[in-house]
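Scroll down for the structure; my scribbles are underneath it.
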Amino acid sequence: MPLLKKKQFSLAEPPKDLDPCELVYQVRFTKEIFRDYQEYLNRINLYRQRVWVCKVTGKTSLTYEEALVSEKRAGEKVQQFPKELMAPVLRIIQYSMLSLKDLAITIAEKLQKHLFVGAELYGRKENDVFACKITKVLDEDPEKIQYEVAWLDKNKKVMEHSLVSREDLIQKKVLFSRNVLKSFIRDSTYRSAPWVIHDKLAQNHGISTDLPEELRGQVFFKDGLLVCNKKRRKIEEDGKIDKEAGKNKRKKMEGDDEPMKEPIKYPIDDLLVQPGADDPVFTDRPSPSRDFNVPLDCVGDLLMVWDFCSSFGRLLRLWPFSLEDFENAICHKDRNVILLVETHSALFRLLIKDNDEYLLAARKRNQNQKLKITLINWTEYLCDFLEITKLPESNYRATIKRGHYGLLEAHAKLGILKELVNLALQTDIFREKLDNLIEERQEIGATKRGEALEEARKKREEKEQLKAEADSNGVMDQQFLESVESVAENDNHSNQNGHMEKKRNGKILSSQQGNASENCEDKLANTTSKKKAKKLNLDVEVQPDNGKDSSRKEGLKYLKDDKKEGTEKRDKEQRREFYEREMEKRVICRNPLGKDRFYNRYLWFPRDGRIFIESSDSKEWGYYSSKEELDALMGSLNIKGERESALKKQLEKFYGKICMELQKRSKELAHKIAAEEAVLRRSTRVRAPPRENPANAFFRYVNKWKED
């Protein structure tokens, strides 16, 4: 049983007066039963926290279920412990005061000298060393024990038997690791320091349970368990016990027994999240629209069939159509709609190409004629399909044969199409297409990673180049500063000598002559400094002009760099968008964006733009169709919950694309409404035929990819 805070954790008792037909909540791995859902959630959340310890191995920071698995695996290893060694090992463990580590080391050292039947080691034979296994211990002579061993080949098969002495046997590795020994010690005892083995285990192996002399004053047995004597700590003051100190001590001890409240680490299960003071202001979640033409329990099938036909239109040779057109075609009952006829025909062609059963049925019907599905005979293929598959919709065969397919209910039409799609998914042609798509996606991913690595390599080289240039510029700047300092020192030296008498060519100059020489030296020094400055492109007189030119050049350089960086950034963004588009073209399956706290799933189809919401029981559907609803949805999600946090991340990731598709859809919808109003405003004499009404756009569908 896993430990919580180094103590045994007792499981919850089953409820009293439990009715066999009563609905309850049960924990899968502990079989605990709860009537109250909140109690069940609290217990599940506790089991999911990484605060549990494996009792056998001592591993920490595990969940309850991980600790159970660890105990099970460790118990299996302990069960492999040889029975011949259990008695001597248990004698070492009983009432030992050593720590777990020291006790395991002591047992390992003693087992190294003790050989047993079944031990695999190495033995000397014919001046060589071979693998062997002890099959029998012959201890007729206590001073010289012999062992009967079986010599093993590379596959550990027995080749022959022989007798060897202890000196001829070699152990190249320890028989049992310390971890196995530690697990065996923990599994065999119920307390430590001193270690006490279980009574049943001691009885089976003849281990004495009498206390040794050195422990009789320190421990005693109570209710069959060993308990240590804890002396009361007395606080003496004039021979009396300080009652206040005792009270404080009791309070402290009681406080230690109470479990400390640990801060909650978010995210956690959404249903366990409680309102907090640091929570942001959440917006009200908008109510989704539910104005579907088909029944709500058929929306899932409608989306599945439409998404399959739209995603794999090239394979089916079926021109894509909008979800509204498909929904309107399903609900239309006046006549056979071309859109549905082409959808059925495309799926039938795929099945006939791949499946022998449908091919034989088609040939049987057409005999010597060429297999061709047309607007006239497509219902015959549909009736054959219903006859072969034995679907519940087979009851509608008579209606279909009479040419009244349009009179079928929406759930019957979608049920037939759903079964056709499921069978198409199992064809070899489709699976080959999927393999090709997977390979293409992998190639695109590899190309994208290669470009990223190349870009990182270029950035690294540019950084190293800039660093090298900075180092070289630092050396040049240092040389320039040294030259300027030397010039300044010469100027200062000449100025100082100008204020006193100087000796030139062995003569003492007067003050006037000194001033004259000073002027000459100043001119010479200025000329020299100007030449040096000119050499270093730092001429004082030319500095303003050169400053303008240099600033102009630097400005042009920065402008070019900015343009280059902008171009590179645009190219990078375009490449990223290109890869995303290519990945979207090769979509394999449509995964939901995520779930909210009540397990409602959110799906987004780029070809439609709307965000669809599926209830947890898949019986109710809705959708959001505006940017305002999307913003309100994102503002209502609590990131402290696991599901809503993941959902919000996905919505933020695709926010730009979703907004663009929603705005595009809103514009198309506004245009369609305006067109419908324009049709209604016309007089009865010039009223356009129904086919031109935007609401009847599905009548004008043409399959441009149809096979001839």
Side-chain angles (χ1 to χ4, degrees), residues 264-289 303 307 310-311 323 441 444-445 448-449 451-452 455-456 566 568-616 620-669:
I264 301 175
K265 295 181 180 179
Y266 295 105
I268 60 175
D269 189 271
D270 297 70
L271 296 175
L272 300 178
V273 176
Q274 299 295 332
D278 58 340
D279 288 344
V281 179
F282 296 110
T283 59
D284 294 332
R285 189 164 301 178
S287 299
S289 303
L303 291 173
D307 185 52
S310 301
S311 301
L323 181 59
R441 288 174 67 91
I444 294 171
K448 187 177 179 181
R449 288 191 298 271
E451 289 186 0
E455 184 179 356
E568 290 178 353
K569 190 175 182 180
R570 285 196 301 272
D571 291 344
K572 185 179 178 181
E573 187 68 20
Q574 289 174 359
R575 293 294 294 173
R576 186 182 65 80
E577 293 176 356
F578 167 74
Y579 285 128
E580 289 180 357
R581 288 196 303 270
E582 292 300 315
M583 283 292 200
E584 182 62 31
K585 290 178 184 177
R586 293 160 178 81
V587 64
I588 296 175
C589 63
R590 190 73 58 188
N591 295 321
L593 293 170
K595 301 178 182 178
D596 60 15
R597 64 176 304 175
F598 299 111
Y599 295 94
N600 298 319
R601 295 198 305 168
Y602 291 75
L603 300 98
W604 177 62
F605 300 92
R607 295 181 182 87
D608 182 77
R610 290 176 287 182
I611 297 177
F612 291 88
I613 304 99
E614 179 188 10
S615 62
S616 57
E620 293 187 3
W621 285 81
Y623 66 86
Y624 296 136
S625 58
S626 67
K627 181 178 179 296
E628 291 75 18
E629 290 177 326
L630 173 62
D631 294 336
L633 169 64
M634 294 178 66
S636 67
L637 298 175
N638 192 341
I639 60 173
K640 290 183 178 180
E642 294 172 344
R643 293 184 292 278
E644 293 197 350
S645 175
L647 174 59
K648 190 168 185 179
K649 286 181 181 178
Q650 288 296 102
L651 289 173
E652 289 174 349
K653 179 180 178 182
F654 298 104
Y655 181 78
K657 290 184 177 179
I658 295 175
C659 289
M660 184 175 65
E661 293 295 332
L662 289 176
Q663 291 172 356
K664 180 181 176 183
R665 174 183 170 79
S666 299
K667 290 180 181 178
E668 292 177 354
L669 188 61

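The figures that follow rest on heavy atoms only: side chains count, while hydrogens, waters and symmetry mates do not.
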Is there side-chain contact between Phe598 and Ser616, with at least one heavy-atom pair below 4.5 Å? no
Counting only heavy atoms from other residues, nucleotides and ligands, does the tally under 6.0 Å from CG of Leu271 exceed 12? yes
Just by modelled atom types, is the Ile639 backbone N or O under 3.5 Å from a matching donor or acceptor in the Glu644 side chain? no
Which residue in the set Asp596, Leu633, Asn600 passes side-chain contact (heavy atoms from CB on, under 4.5 Å) when paired with Ile613? Asn600
Kindly determine whether Glu573 and Arg576 satisfy salt bridge (charged side-chain N to carboxylate O under 4.0 Å, His left out), including the steps that lead there. CA-CA 5 Å; Glu573 187 68 20; Arg576 186 182 65 80; 2.3 Å; yes
Tyr599 and Arg643: side-chain donor and acceptor closer than 3.5 Å? yes
Counting only heavy atoms not in Lys595, do more than 12 sit closer than 6.0 Å to its NZ atom? no
Would you say the side chain of Ile444 lies within less than 4.5 Å of the side chain of Met583, judging by non-hydrogen atoms? yes
Flag the pair Ile658 / Ile611 as yes when at least one side-chain heavy-atom distance between them is below 4.5 Å, and no otherwise. yes
Nearest atoms (heavy-atom pairs only) where Arg607 meets Ser311: NH1-OG, 3.5 Å
Is any side-chain heavy atom of Arg590 less than 4.5 Å from a side-chain heavy atom of Pro606? yes
Report yes if some heavy atom in the side chain of Ile268 is under 4.5 Å from a heavy atom in the side chain of Lys640; otherwise report no. no
Is any side-chain heavy atom of Leu323 closer than 4.5 Å to a side-chain heavy atom of Phe605? no
When rounded to the nearest 0.5 angstrom, what is the spacing between CD in Glu628 and OG1 in Thr283? 12.5 Å
To the nearest 0.5 Å, what is the distance between CZ on Arg575 and NZ on Lys448? 11.0 Å
In terms of side-chain heavy atoms, does Glu451 have a donor or acceptor partner in Tyr579 at a distance below 3.5 Å? yes
I'd like to know if the side chain of Glu629 reaches the main chain of Ser625, judged simply by a donor and an acceptor atom lying under 3.5 Å from each other, with no hydrogens or angles considered. yes
Has Trp604 got a side-chain atom pairing as donor or acceptor with Phe612's backbone, closer than 3.5 angstrom? no
Looking only at the side chains, is there a donor atom on one of Tyr655 and Asp631 sitting less than 3.5 Å from an acceptor on the other? yes
Test side-chain contact (heavy atoms from CB on, under 4.5 Å) on Trp621 and Leu303; report intermediate values, then the result. CA-CA 11 Å; Trp621 285 81; Leu303 291 173; 3.5 Å; yes
Between the side chain of Ser636 and the main-chain N/O of Arg285, is any donor-acceptor distance below 3.5 Å? no
Within a strict 4.5 Å, meaning less than it, do heavy atoms of the Pro288 and Tyr624 side chains meet? yes
Can you check whether Leu651's main-chain N or O pairs, donor with acceptor, with Tyr602's side chain at less than 3.5 Å? no
Counting C-beta onward and ignoring hydrogens, is there a side-chain heavy-atom pair between Arg601 and Pro592 closer than 4.5 Å? yes
Thinking salt bridges, do Asp608 and Arg665 make one under a 4.0 Å N-O criterion? yes
Charged N to carboxylate O under 4.0 angstrom, Lys657 versus Glu580? yes
If you measure from CD on Gln663 to CD on Glu668, what distance do you get to the nearest 0.5 Å? 12.5 Å
Reported CG-to-CZ distance for the pair Leu630 and Arg610, which is rounded to 0.5 angstrom: 15.0 Å
